[in-house]
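Reading through the structure tokens given below for one structure.
A quick note: this is a predicted structure, and the numbers were derived from the prediction, not measured. Chain A is the first sequence line, chain B the second, and so forth, proteins listed ahead of strands; every chain is numbered from 1. Scope of the values below: all heavy atoms of this structure, side chains included, with no hydrogens, waters or symmetry mates.
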Amino acid sequence: MTAFPQPLAGIAAPLHVERLADNVDTDAVIPSREMRSTGRTGLAEGLFAPWRYSDADARTPNPDFVLNRPEYCNAQILVAGSNFGCGSSREHAVWALAEYGFRAVIAESFAPIFRGNCIRNFILPVTLPREVLEEIAGEVVEIDLEAQEVRCRGEAHGFDIDPEAKRMLAEGLDAIDLTLTQRDAIEGWTEVDREKRPWVYLENTE
Amino acid sequence: MGRTLFGKIWDAHFVAETAGGAALVAIDRVFLHERTGAAALARMAEMGREVRDPARVFAVMDHIVDTRPGRGDGTLMPGGEGFITETRAACAEAGITLFDVNDPAQGIVHVISPEQGIVLPGLTLVAPDSHTCTQGAFGALAWGIGSSEAEHAMVTGTLRLEKPKTMRVTFEGALPAGVTAKDMILTLIAAHGAGGGAGHVVEFAGEAVRALDMEARMTLANMATEFSAMTGLIAPDETTFAYLAGRPYAPDSFEDPYWRTLRTDEDATFDREIVIDASQIVPMVSWGTSPEHTIPVTGTVPQGPARAHDYIGLEAGAALAGTPVDAAFIGSCTNARLSDLRRAAAILKGRRIAPGIRKALVVPGSLSVKRAAEAEGLDKVFEAAGFEWRMSGCSLCFYAGGEGFPQGSRVISSTNRNFEGRQGPGIRTHIASPETVAASAIAGVIADPREYMRVEEPA
């Protein structure tokens, strides 16, 4: 697991260039047809396939798409509008972003499942107001997770992140390992619950 | 101070606080499917981890299975068969109950989980599928997660969660004739935006919600994710208990007074309230590329984002009704249950789809729905009208790279998403109720279903 780099500096690639896109769905981030195996790898090529390629089958780049422009091709920070990552729960969207090299997405708001998937994969979801997004899109920015700030041209923009997510990102923690340290609490709770709600606990007939 | 239904379920599942100040919440049921669930099983095996309680984990083949009659493991999607065979092997290895390709109970996860009584009021249920919120119709806290969280839930029996905010959406009054639960949820999203429910658990309440049968309640809750809510929730009542009692994984009866406690107390408060007059709702159809781009079928296209107009090929000011369509689709976890098929068939009976319709599909939500529909002769009605009658699965609710609609098609669809490319590259999707799909297929253009409904002859 890779902890979030502190700080992360680089160019903030705006999706799209003319106007920051709202409601970017995970079908657009990675279409179902680009998910070719049950694994988590080999997805970067399918990232934003509907927009990135003028012919997705032939992998012909669309020169107008932001990530095909030389200044953005190595971007680690993506900027978009509101409700980023809506739609399908496919974690492949986050795996594709991570494999491509993105470490942070800055948007006005995120769809809840996508946001959760980001944190589990050490991509930082940063929420900032629209006017700030417009200001930083296409600029070199520095994201400081510890200070909860995005800095750009000498200005610092604070952002909120819940302490749990912050800790997991900053320390590169595996959520399952972390939870298993509370195994006793889980066992204790289950024992009591079995008495209260017996219908929950099914017998395996396999 | 009273508690909300959500608050009661949350409190009943709270195990402990985490070091980061989040909650460790017990998960009662996990449901997987071959498309994204397989990744969780693969990873779990790779990490040498085990399912804590396999009896409470279920899986189904629904997302990429072929829906053509006579199907096997082969799919039209390149590499699709691998998802099916790997999922089957992983489920056997982990001891998980699997509803396999041609199991009589197979179907779309959110259709079969209620059919089997796997979802119950007051439970927590998760699945790596965004439409898991559908099952909130039973008063369960049911929501979509990613594959990593599915793995977490299976291994630990819990999830780490920040407590969401609460919102109540009250539909007051009664729905007019020809207006459905699909129109209710589209009305909400059109008015408050696709991001309108972000950060909230939404409880649907009010006279119009209480009047809905379980299948319509599932349609309403299904699109809570299209509102960006964590999930939708409807308090269980006698309709709910009557639906579930005696199903394979459900208790035989819901006599125990516990079940009647699963409701929001009268003096409970929500972080946000929205009230909608149900009597003013009309049939709704999406015009653009987000579910929020939705208007009454009688309306004209408003000015939206330029990208949406470019993609969908409709300019601001154009009338939506009368727009020619090339294909029709009735299916999905939103609208492929028996009552949906009955209502569409009532419109199609004795009629034919327009000559311009190049592909028309009906894909029942489960093989049980398919059998029940065939027992009523609905398959014959659809086929006589020109629709193909299929095996159950998610099918062309999305495009997985195999079967598709004819290139460039404009599709009238009973599904939940009208995103760019959702039903195939360049395919333009208009989401609507099954009635509206049926009426539009007959007309060959987007049509108001109320004009195609038969008035009962006076006796």
Side-chain angles (χ1 to χ4, degrees), chain A residues 16 18-19 21-23 25 27-28 31-40 50 56 82-83 86-92 94 109-114 116-117 120-121 162-168 175-176 178-180 182-183 185-186 189-190 193 196-197 199-206, chain B residues 15-16 18-22 24 26 28 35-36 38-39 42-43 49 54-56 77-79 82-83 86-87 95 97 120 123 128-130 144-149 151-152 155-158 160 162 194-195 198-199 228 230 249 251 290 292 305 307 398-401 417 419-422 425:
Chain A
H16 299 282
E18 316 81 44
R19 184 182 183 279
D22 295 323
N23 301 320
D25 57 81
D27 274 78
S32 183
R33 63 188 171 279
E34 298 286 351
M35 295 155 51
R36 289 172 182 165
S37 82
T38 55
R40 310 174 162 221
S82 63
N83 200 29
C86 61
S88 166
S89 63
R90 62 187 70 160
E91 198 161 317
H92 305 68
V94 170
S109 60
F110 292 89
I113 306 172
F114 179 85
N117 285 340
R120 297 282 174 265
N121 290 280
D162 49 74
E164 162 100 352
K166 183 174 177 176
R167 180 172 169 234
M168 294 194 54
I176 295 177
L178 211 55
T179 298
L180 289 176
Q182 287 177 289
R183 204 192 301 251
I186 299 168
W189 182 91
T190 308
D193 188 58
K196 282 195 218 161
R197 305 184 305 147
W199 55 84
V200 171
Y201 299 87
L202 301 165
E203 297 303 318
N204 205 335
T205 53
E206 294 293 298
Chain B
V15 174
T18 71
L24 206 56
D28 297 324
R35 190 62 167 141
T36 62
R43 170 79 166 186
R49 287 168 171 157
R56 295 191 280 144
M77 181 200 144
F83 285 84
E86 283 178 41
T87 302
T97 303
L120 298 175
L123 258 55
D129 187 282
S130 58
I145 53 175
S147 300
S148 298
E149 289 207 290
E151 218 184 309
H152 190 287
V155 173
T156 72
T158 66
R160 307 169 76 88
E162 294 292 327
S228 202
M230 174 189 170
Y249 295 90
S290 161
E292 73 183 27
R307 286 190 73 89
F398 61 88
Y399 174 72
R417 289 183 175 145
F419 302 152
E420 286 182 28
R422 170 75 178 177

- Query: So, are B:Asp28 and A:Arg197 salt-bridged, with charged N and O less than 4.0 Å apart?
  - Reply: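 A salt bridge is present here (some side-chain N lies under 4.0 Å from a carboxylate O).
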
Mind listing the closest non-hydrogen atom pair of [X] and [Y] along with its distance?
{"X": "A:Met35", "Y": "B:Phe83", "answer": "O-CZ, 3.4 Å"}
{"X": "A:Leu202", "Y": "B:Ala55", "answer": "O-CB, 3.2 Å"}
{"X": "A:Asn23", "Y": "B:Ser290", "answer": "ND2-OG, 3.6 Å"}
{"X": "B:Thr158", "Y": "A:Thr179", "answer": "OG1-CG2, 3.3 Å"}
{"X": "B:Ser148", "Y": "A:Arg120", "answer": "CB-CB, 4.1 Å"}
{"X": "B:Ala38", "Y": "A:Thr38", "answer": "CB-CG2, 3.6 Å"}

Can you tell me which of [options] forms the most heavy-atom pairs within a distance under 4.5 Å of chain B?
{"options": "A:His92, A:Lys166, A:Arg183", "result": "A:His92"}
{"options": "A:Arg167, A:Lys196, A:Met168", "result": "A:Arg167"}
{"options": "A:Asp27, A:Leu178, A:Ile176", "result": "A:Ile176"}

Where does [X] contact chain A at under 4.5 Å (heavy atoms): side chain, backbone, both or neither?
{"X": "B:Pro251", "value": "side chain"}
{"X": "B:Ile145", "value": "backbone"}
{"X": "B:Glu292", "value": "side chain"}

- Measure the CD1-OG distance between A:Ile113 and B:Ser130 for me, rounded to the nearest 0.5 Å.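 Nearest 0.5 Å value for the CD1-OG distance: 5.0 Å.
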
- Message: Donor-acceptor pair, distance only, cut-off 3.5 Å: does the side chain of B:Thr36 make one with the backbone of A:Arg90?
- Response: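 Checking the backbone N and O of A:Arg90 against the side chain of B:Thr36, no donor-acceptor pair under 3.5 Å is found.
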
- Query: Are any side-chain N or O atoms of A:Glu164 and backbone N or O atoms of B:Arg160, one a donor and one an acceptor, separated by less than 3.5 Å?
  - Reply: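 Checked: no pair found.
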
Looking at [options], which one has more heavy-atom pairs under 4.5 Å with chain A than the rest?
{"options": "B:Gly199, B:Gly401, B:Pro78, B:Gly195", "value": "B:Gly195"}
{"options": "B:Gly21, B:Ala26, B:Gly82", "value": "B:Ala26"}
{"options": "B:Gly157, B:Gly144, B:Pro305", "value": "B:Gly144"}
{"options": "B:Arg307, B:Arg422, B:Glu151", "value": "B:Arg307"}
{"options": "B:Ala42, B:Gly421, B:Gly79, B:Ser147", "value": "B:Ser147"}

- Going by distance alone, is a donor N or O of one side chain under 3.5 Å from an acceptor N or O of the other, for B:Arg35 and A:Ser32?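 Side chains of B:Arg35 and A:Ser32: pair found under 3.5 Å.
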
- Evaluate the side-chain proximity of A:Pro112 to B:Glu162: yes if any heavy-atom separation is below 4.5 Å, no if none is.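 SC-SC contact between B:Glu162 and A:Pro112 ruled out.
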
- Task: Would you indicate whether the side-chain heavy atoms of A:Asp25 and B:Arg417 approach each other to under 4.5 Å?
- Result: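 A side-chain contact under 4.5 Å is absent here.
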
- Task: Using the test salt bridge (charged side-chain N to carboxylate O under 4.0 Å, His left out), find all partners of A:Arg19 that sit at least two apart in sequence or belong to another chain.
- Result: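 A:Arg19 satisfies salt bridge (charged side-chain N to carboxylate O under 4.0 Å, His left out) with A:Asp22 once adjacent residues are dropped.
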
- Message: Holding to salt bridge (charged side-chain N to carboxylate O under 4.0 Å, His left out), I want the full list of residues that pass it with A:Glu34, two or more places apart in sequence or in another chain.
- Response: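 A:Glu34 satisfies salt bridge (charged side-chain N to carboxylate O under 4.0 Å, His left out) with A:Arg36, A:Arg59 only.
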
Could you tell me which portion of [X] (side chain, backbone, both or neither) has an atom closer than 4.5 angstrom to a non-hydrogen atom of chain B?
{"X": "A:Ser88", "value": "both"}
{"X": "A:Ser109", "value": "neither"}
{"X": "A:Ser37", "value": "backbone"}
{"X": "A:Ala175", "value": "both"}
{"X": "A:Tyr201", "value": "both"}

- Task: Carefully, step by step, assess A:Gln182 and B:Thr156 under the rule side chain to side chain contact (heavy atoms under 4.5 Å, CB included).
- Result: CA-CA 9 Å; A:Gln182 287 177 289; B:Thr156 72; over 6 Å; no

